[in-house]
Number of protein chains: 2
Amino acid sequence: MDSKILVIDDEKAIADIVKFNLEKEGYKVSTAYDGEEGVQAVENIIPDLVILDIMMPKKDGFQVLKEIRMKYKFPVIMLTAKEEEVDKVLGLELGADDYITKPFSMRELIARVKANLRRVNYSNFSNSENTDSIITSEDLVIDLNKYEVKKSDKIIELTLREFELLKFLATSANQVFSREQLLEEVWGYEYYGDIRTVDVTIRRLREKIEDGNGEFKYIITKRGVGYYFRRA
Amino acid sequence: MDSKILVIDDEKAIADIVKFNLEKEGYKVSTAYDGEEGVQAVENIIPDLVILDIMMPKKDGFQVLKEIRMKYKFPVIMLTAKEEEVDKVLGLELGADDYITKPFSMRELIARVKANLRRVNYSNFSNSENTDSIITSEDLVIDLNKYEVKKSDKIIELTLREFELLKFLATSANQVFSREQLLEEVWGYEYYGDIRTVDVTIRRLREKIEDGNGEFKYIITKRGVGYYFRRA
DNA sequence: TATTGATTTCCAATTAATTGTAATATATAA
DNA sequence: TTATATATTACAATTAATTGGAAATCAATA
C-alpha cells in the first residue's frame with residue numbers, strides 16, 4: 001500500500017490538482033513538468049504508477065513512455081487531449097495500460113488509478129493459482145488454492161498469516177529457516193517488526209494443526225537456528 | 001500456468017504491443033503476421049489461447065478460425081475494428097469465444113484473456129455437472145437459465161447483480177475469489193468502481209438467501225482473501 | 001419526457017477478527 | 001545452576017468486514 005505515483009504534465013495547474021487529489025486518497029505523489037524531467041523522476045522515484053500527458057514540449061508522452069518501457073513495467077495511464085490520439089495510444093504505441101481523455105473528472109482519474117494498481121497486485125498472486133496446489137503430509141492436507149487446511153478431513157480455520165507461514169514452510173519441507181528469513185518471506189521485505197512475532201505465529205499455528213499432546217510433529221524447532229516443516 | 005498464447009494480426013505494431021503486455025503478465029506469447037502464417041503457427045505451437053484479428057490479407061480471421069476449429073477447441077478471442085463485424089462474429093457461430101473491438105485497453109485485453117483461460121481450466125477440471133443449468137446446495141436451488149433461485153421451494157427475488165454474483169460463485173463452488181476477480185467477472189472488464197461494492201452486494205445476497213441467524217452457510221468470507229460459495 | 005420506484009453504488013461508522021508486542025514462564029545446554 | 005533460547009499468555013494496536021443510509025443511476029409507466 002501507500003503506492004508512489006508520478007504525474008508528468010507540462011500544465012502545472014493540472015499536474016498540481018491531480019497531485020492534490022491523489023494525495024487526498026493517501027498516495028505518495030510526485031510531479032514533473034516536462035518529458036525530460038519526467039524520465040529522470042522515474043529513475044529517482046521508481047513509482048508504482050505513472051500518469052503521463054501526451055502533449056508536452058521537449059519530449060512528448062509517447063517518447064517518454066518508450067523510454068520508461070525499456071526498463072519498467074509499472075502501469076502508465078496516458079492523458080490525451082484529443083480523441084484522435086486515442087487510437088495512437090491504444091494501437092500503435094508502446095504499451096500504455098490505460099488512458100483518459102481530457103477533460104476528465106477527478107473521480108474517474110482516481111478510479112482508474114485504483115483499478116490499474118489493483119490489477120498489478122492481483123496478477124501477482126492470482127498467477128500462482130494454477131501451480132500444483134495441494135500439499136499433503138501425514139493427516140494434513142494443505143490446499144493452496146482454497147486457502148484451506150484439513151487435518152484428518154476436518155477443516156482447520158487458519159488466519160491468513162498462519163496459512164502463509166505454513167504454506168511457506170510446507171513448500172520447502174525439511175528445510176530449516178531462520179526467523180529473519182521467515183519474516184522476509186512471509187511478512188515481506190518491508191517488514192520492520194519484532195522477531196518474536198514469528199514465534200507467536202508459530203505457536204498459534206501449532207495450536208491449530210498439532211495434536212496437542214506436547215509433541216510437535218509438523219513444525220519443528222531447530223534450537224538456535226529456526227523452524228522447519230517436517231515431512232517423511 | 002504459463003499458458004501459451006498466439007497473437008495473429010497483420011498490423012505488426014499491434015501484435016507486438018499485445019505480445020509485450022501479455023508477456024508482462026507471465027504468458028508465453030508468439031506472434032504471426034497474417035492468416036496463413038497464423039494457421040501454421042497454431043500447428044507448431046498448439047497454444048492455449050489465440051487472439052485473432054479479423055481484417056487480414058490473404059486469409060481473414062473468419063477463415064483462420066474455421067480452420068482452427070476443425071481441429072482445436074482452445075479459446076479464440078477475435079479482434080474487430082468495426083462495430084458491424086461484431087454481429088458477424090456472434091452471428092456466424094464459428095465458435096469464437098469472445099471478441100474485443102478496437103481500440104481496446106490492455107487492461108481489457110488482459111482481463112479477457114484471463115477470464116477465457118480460467119473458463120477452460122474449470123471445465124477441464126470439474127465434474128460433468130458443469131453444463132448443468134441447475135445448481136443445488138442444501139435447500140437452495142439455482143436455475144441458471146430461468147434466472148431463478150428457490151430456497152426450500154420458495155422463490156427468492158434477486159436483482160440481476162445479485163443473481164450474477166451468486167451464479168458466478170456457485171458455478172465455481174468452494175473456490176475462493178478475490179474482490180478484484182469478482183469485479184472483473186461479475187461487474188465487467190471496464191468497471192472502475194469501488195471495491196467495497198462487492199461487499200455490499202454480498203451482503204444483500206446473504207440477506208436474501210441465508211438463514212438470518214448470524215451464521216452464513218452459503219457465501220463464506222475468507223478473510224484477507226475474498227469470498228466463496230460453499231457446497232458440500 | 002417527466003415521475004416514480006427500484007436498483008446500484010458510494011461512503012464511512014461500527015463491529016469483528018487478526019496480528020504484534022511485551023511480559024512471564026518454561027525448557028535446554030553448557 | 002546459570003545463561004540463553006523458546007513457548008506461552010494477555011492485552012493493545014491494527015486491519016478487515018459488515019452494515020446502514022445517502023446519493024446516483026437506471027427502468028418502467030404515465
Side-chain angles (χ1 to χ4, degrees), chain A residues 1-2 21 24-26 105-112 114-115 118 121 147 149 156-166 176-180 182-184 186-188 190-228, chain B residues 147 156-166 176-180 182-183 186-188 190-210 212-216 218-228:
Chain A
M1 256 318 93
D2 264 25
N21 278 279
K24 213 168 56 181
E25 291 293 313
S105 71
M106 276 306 139
R107 218 179 88 79
E108 181 178 6
L109 180 78
I110 288 164
R112 298 219 170 198
K114 278 187 191 163
R118 215 151 58 199
N121 291 329
Y147 289 81
V149 176
I156 297 184
E157 296 293 342
L158 296 186
T159 70
L160 192 57
R161 215 14 83 78
E162 287 158 8
F163 183 85
E164 307 243 279
L165 177 59
L166 176 62
V176 184
F177 294 95
S178 69
R179 291 172 177 72
E180 285 80 3
L182 293 174
L183 270 188
E184 203 168 291
V186 178
W187 276 256
E190 298 271 296
Y191 190 79
Y192 248 163
D194 192 315
I195 198 109
R196 292 291 130 196
T197 296
V198 175
D199 299 42
V200 175
T201 307
I202 289 276
R203 151 83 177 51
R204 287 174 181 146
L205 191 49
R206 279 170 166 168
E207 192 167 56
K208 292 178 182 177
I209 67 174
E210 299 282 3
D211 290 340
N213 55 5
E215 278 270 291
F216 303 136
K217 65 177 185 179
Y218 296 114
I219 295 175
I220 313 300
T221 305
K222 191 90 195 167
R223 189 167 221 270
V225 190
Y227 300 95
Y228 67 99
Chain B
Y147 278 71
I156 296 184
E157 296 294 342
L158 295 186
T159 69
L160 189 59
R161 237 342 152 236
E162 287 158 8
F163 185 85
E164 305 246 280
L165 177 59
L166 177 62
V176 185
F177 293 96
S178 68
R179 291 170 176 75
E180 286 79 4
L182 294 174
L183 273 188
V186 178
W187 275 257
E190 283 296 317
Y191 187 80
Y192 283 113
D194 193 300
I195 197 112
R196 290 290 134 197
T197 298
V198 174
D199 302 45
V200 176
T201 308
I202 289 276
R203 146 150 176 276
R204 284 194 317 260
L205 193 48
R206 278 171 167 168
E207 203 163 54
K208 293 180 182 177
I209 68 175
E210 299 281 3
N213 56 4
E215 279 269 292
F216 303 135
Y218 297 114
I219 296 176
I220 312 298
T221 304
K222 197 89 202 170
R223 190 174 222 263
V225 188
Y227 299 97
Y228 68 99

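Quick caveat: nothing in here was measured; it's all calculated off a predicted structure. Chain letters run A, B, ... following the sequence lines, proteins first and then strands; every chain starts at 1.
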Next item on the list: Given side chain to side chain contact (heavy atoms under 4.5 Å, CB included), test A/Val200 with A/Arg204 step by step and report yes or no.
Entry: CA-CA 6 Å; A/Val200 175; A/Arg204 287 174 181 146; 3.5 Å; yes

In whole angstroms, the gap separating C1' of C/dG20 from CZ of A/Arg179 amounts to 16 Å

Take A/Tyr227 and A/Val176 through the side chain to side chain contact (heavy atoms under 4.5 Å, CB included) test and state the conclusion after the steps.
CA-CA 5 Å; A/Tyr227 300 95; A/Val176 184; over 6 Å; no

Exercise for the section: Would you sort out whether B/Leu166 and B/Tyr218 count as a side chain to side chain contact (heavy atoms under 4.5 Å, CB included), showing the intermediate values? Expected result: CA-CA 10 Å; B/Leu166 177 62; B/Tyr218 297 114; over 6 Å; no

Side chain to side chain contact (heavy atoms under 4.5 Å, CB included) assessment of B/Tyr147 paired with B/Glu164:
CA-CA 9 Å; B/Tyr147 278 71; B/Glu164 305 246 280; 3.6 Å; yes

On DNA chain C, more 5' by nearest nucleotide between A/Val200 and A/Leu158 is A/Leu158

5'-most to 3'-most nt of DNA chain D touching chain A (<4.0 Å, heavy-atom partner on protein side) reads D/dT4 to D/dA10

B/Glu157 CD to C/dT7 C1', in whole Å, measures 14 Å

Judged by nearest nucleotide, the residue sitting upstream toward the 5' end of DNA chain D, B/Gly226 or A/Arg203, is A/Arg203

*Does A/Lys208 use its side chain to pair, donor to acceptor, with the backbone of A/Ile156 at less than 3.5 Å?*
no

- With distance as the sole criterion, is a donor-acceptor pair present between the side chains of A/Arg206 and A/Thr221 under 3.5 Å? yes

| field | N/O (side chain, B/Thr159) to phosphate O (OP1/OP2, C/dT7) under 4.0 Å | value | no

Taking for A/Gly193 and for B/Arg161 the nucleotide of DNA chain C with the nearest heavy atom, the one nearer the 5' end belongs to B/Arg161

note: B/Asp199, atom CG; C/dA13, atom P; distance rounded to Å ~ 17 Å

Looking at C/dT21, I'd like to know if its phosphate oxygens (OP1 or OP2) sit under 4.0 Å from a side-chain N or O belonging to A/Thr197.
yes

Whichever of A/Arg204 and A/Lys222 has the more 5' nearest nucleotide on DNA chain D, that residue is A/Lys222

From CG of A/Leu183 across to C1' of C/dG20 the rounded distance in Å is 11 Å

Can you tell me if B/Trp187 touches the phosphate of C/dT8, counting only side-chain N or O atoms and a distance under 4.0 Å to OP1 or OP2? no

Rounded to whole Å, the CD-P distance (B/Glu207 to C/dT7) equals 13 Å

